[in-house]
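Mind looking over this structure? Questions follow.
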Amino acid sequence: MDESAQQSCLVTDEYSFWFSLCSSTNEQRLVNTSIVPNESFFSQKTSRLYFDIHRLPYQSLLKIGGNKVIRQFVPYLKRAHGPGAIFPMTSARQRLFSIDYHHEGGAHHWYIIPAREREVLQRIINRHKSTICLDHGQLLIDPLILDKNHIRYHRVIQHPNEFVVLSAGALAQSFTEDASWSESIVFALPSWIEDGHASAPIPRCQCNIPQDFLPDIIDVTRFKQELIQRYITLHLNVTTDDTSSTLEGS
């Protein structure tokens with residue numbers, strides 16, 4: 001985006017962002033963002049006393065799949081290059097959970113659509129005979145459209161040093177008030193299997209993603225109920241006493 005375009009796209013809040021889109025004479029607008037795969041600003045920690053984003057897949061239900069599965073999941077950086085930068089609507093791979101950390105820069109304005117609203121939203125898109133995909137960053141939806149069609153969603157403003165955690169199957173889009181750096185990684189909890197997100201059919205889309213760039217499908221048959229229950233017992237059991245409440249395991 002050239003200097004004149006940046007000056008005409010001053011974003012200070014939600015209203016100014018959507019107003020700039022509505023008043024633009026351009027049919028297309030650059031998202032002005034980039035993704036840096038397999039990179040992280042977090043150093044890997046040896047002590048479990050400190051947060052380490054690299055450990056999340058290993059501590060999550062994905063550990064049941066073994067190292068071959070876990071090694072597929074690494075952090076990636078997201079760069080917004082200026083005010084009004086857009087992260088179009090996406091969903092985590094195979095509808096996993098995801099966590100996003102805002103390192104520095106302008107606030108991120110999130111619109112998060114729960115998984116249970118996905119089918120309704122897809123019907124609305126199909127009604128317009130569109131082949132746009134919900135999962136691969138091809139779409140930015142005006143929240144007025146969501147309001148008009150009674151689609152439930154959550155607004156979240158994320159500032160530096162804050163996390164946003166997306167539940168399994170959630171759809172999310174965002175824009176930034178200024179240039180920024182953030183970082184994401186996916187993980188799994190038992191509800192990913194128990195609520196059917198892991199085995200949900202993968203819809204065909206017209207995104208033309210090269211086959212080499214498509215991730216491997218996780219074999220959900222590895223996640224036996226007895227293994228899931230053992231994971232819950234070892235890592236998610238909450239014990240309480242009269243003075244404290246602690247989370248056992250990792």
Side-chain angles (χ1 to χ4, degrees), residues 35 53 55-76 78 87-101 110-126 132-139 141 146 149-154 156 163-174 183-205 207 209 213-238 247 249-250:
I35 304 295
I53 198 169
R55 280 203 299 259
L56 285 180
Y58 292 85
Q59 295 173 324
S60 79
L61 191 72
L62 291 172
K63 67 191 305 178
I64 293 176
N67 287 333
K68 185 177 179 181
V69 170
I70 296 174
R71 290 193 187 110
Q72 300 177 40
F73 301 100
V74 292
Y76 61 93
K78 301 191 296 184
F87 292 99
M89 182 170 292
T90 57
S91 180
R93 167 185 169 182
Q94 208 167 336
R95 304 193 183 184
L96 286 160
F97 289 78
S98 66
I99 186 169
D100 183 281
Y101 179 74
W110 290 77
Y111 301 86
I112 302 168
I113 302 174
R116 61 181 172 274
E117 301 289 344
R118 177 189 284 261
E119 186 176 342
V120 177
L121 182 58
Q122 188 65 64
R123 285 203 300 266
I124 294 170
I125 293 175
N126 295 342
I132 292 177
C133 173
L134 289 177
D135 295 272
H136 298 138
Q138 302 295 313
L139 188 65
I141 300 181
L146 302 177
N149 290 277
H150 309 291
I151 294 177
R152 184 183 177 189
Y153 64 98
H154 307 283
V156 176
F163 288 98
V164 168
V165 180
L166 301 178
S167 61
L171 295 162
Q173 63 182 27
S174 64
E183 182 170 344
S184 295
I185 197 169
V186 299
F187 63 99
L189 291 175
S191 60
W192 176 62
I193 294 287
E194 294 167 351
D195 293 346
H197 299 292
S199 55
I202 300 175
R204 295 181 180 179
C205 68
C207 295
I209 300 175
F213 289 91
L214 290 174
D216 295 333
I217 302 299
I218 302 171
D219 182 5
V220 298
T221 61
R222 296 186 180 189
F223 295 80
K224 307 293 186 183
Q225 184 58 45
E226 58 270 22
L227 296 178
I228 295 174
Q229 187 56 52
R230 183 171 183 270
Y231 173 83
I232 293 173
T233 302
L234 292 176
H235 301 286
L236 299 183
N237 272 353
V238 177
L247 183 65
S250 58

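Numbers here are sequence positions counted from 1. Because the structure is predicted, anything quoted here is derived from the model rather than measured.
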*For D100, check salt bridge (Lys or Arg N to Asp or Glu O under 4.0 Å) against everything at least two apart and list the hits.*
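With neighbours one apart ignored, the set is K78.
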
- Where A115 and A168 come nearest, the two heavy atoms and their spacing: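 So the minimum-distance heavy-atom pair works out to CB-O, 3.7 Å.
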
One should read off an interatomic distance between L227 CG and Q225 CD, to the nearest 0.5 angstrom, of 9.5 Å

Practice item. Find out whether N149 and L121 are in side-chain contact, i.e. whether some heavy atom of one side chain is under 4.5 Å from a heavy atom of the other. Key: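 Result no, sub-4.5 Å side-chain heavy-atom pair not found.
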
- First locate atom NZ of K224, then atom CD1 of I193, and finally report the distance between them rounded to the nearest 0.5 Å.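 Between atom NZ of K224 and atom CD1 of I193 there are 11.0 Å.
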
query: Which word best sums up how the rings of W192 and F223 line up, parallel for under 30°, tilted for 30 to 60°, or perpendicular for over 60°?
result: perpendicular

For the residue pair T90 and G137, what are the closest heavy atoms and their distance?
->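 Taking T90 first and G137 second, the nearest heavy atoms are CG2-N, 3.5 Å.
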
Q | Rounded distance [0.5 Å steps], CG in L166 versus CH2 in W110 | A |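 Interatomic distance, L166 CG to W110 CH2, rounded to 0.5 Å: 5.0 Å.
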
Could you check V165 against I99 for side chain to side chain contact (heavy atoms under 4.5 Å, CB included), going step by step and ending with a plain yes or no?
CA-CA 4 Å; V165 180; I99 186 169; 3.9 Å; yes

Go through it in stages, so that I can follow the logic: the residues are F187 and K63, the test is side chain to side chain contact (heavy atoms under 4.5 Å, CB included), and I'd like the CA-CA distance, side-chain angles, deciding distance and then a yes or no. CA-CA 10 Å; F187 63 99; K63 67 191 305 178; over 6 Å; no

Legend entry - Backbone of T221 reached by a side-chain donor or acceptor of D219 within 3.5 Å: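 Checked: pair present.
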
Query - Atom of F73, atom of L96 and distance for their closest heavy-atom approach - result: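 Looking at all heavy atoms of both residues, the shortest contact is CE2-CD1, 3.7 Å.
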
One should read off an interatomic distance between S60 OG and L236 CG, to the nearest 0.5 angstrom, of 10.0 Å

- request: Carefully, step by step, assess F97 and S167 under the rule side chain to side chain contact (heavy atoms under 4.5 Å, CB included).
  value: CA-CA 5 Å; F97 289 78; S167 61; 4.2 Å; yes

- Within 6.0 angstrom of E119 CD, more than 12 heavy atoms from elsewhere: no

query = With no hydrogens and no angle check, is any side-chain donor or acceptor of R222 less than 3.5 Å from a backbone partner on G65?
reply =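 Yes.
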
**Asked** How far does CG of L234 sit from CZ of R230, to the nearest 0.5 angstrom?
**Response**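 It comes to 5.0 Å.
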
Item to check | Minimum-distance pair of heavy atoms, taken over all atoms of L134 and L171 | outcome: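 Where L134 meets L171 most closely, the heavy atoms are O-CD2, 3.5 Å.
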
Chi angles and distances behind the salt bridge (charged side-chain N to carboxylate O under 4.0 Å, His left out) call for R118, D135: CA-CA 10 Å; R118 177 189 284 261; D135 295 272; 3.2 Å; yes

Next on the checklist: Can you confirm whether H150 sits close enough to V120 that some side-chain heavy atom of one is under 4.5 Å from a side-chain heavy atom of the other?
Outcome noted: no

Exercise. Measuring from I228:CD1 to S191:OG, what's the distance to the nearest 0.5 Å?
Worked result: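 I228 atom CD1 to S191 atom OG measures 10.0 Å (nearest 0.5 Å).
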
Review point. So, does Q173 use its side chain to make a donor-acceptor pair with the main chain of I141 at under 3.5 Å?
Key: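 Flag set: sc Q173 to bb I141 pair under 3.5 Å.
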
inquiry  = Give me the atom names and distance for the closest heavy-atom approach of A200 to R95.
reply    =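 Nearest heavy atoms, A200 then R95: CB-NH1, 3.6 Å.
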
Notebook entry, point to check: Taking all atoms of both residues into account, what is the closest heavy-atom pair of L62 and P57, and its distance?
Noted result: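 That closest heavy-atom pairing would be CB-O, 3.7 Å.
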
field: Sole candidate of R152, M89, H154 that passes side chain to side chain contact (heavy atoms under 4.5 Å, CB included) when paired with I113
entry: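 Testing each of R152, M89, H154 against I113, the sole residue satisfying side chain to side chain contact (heavy atoms under 4.5 Å, CB included) is M89.
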
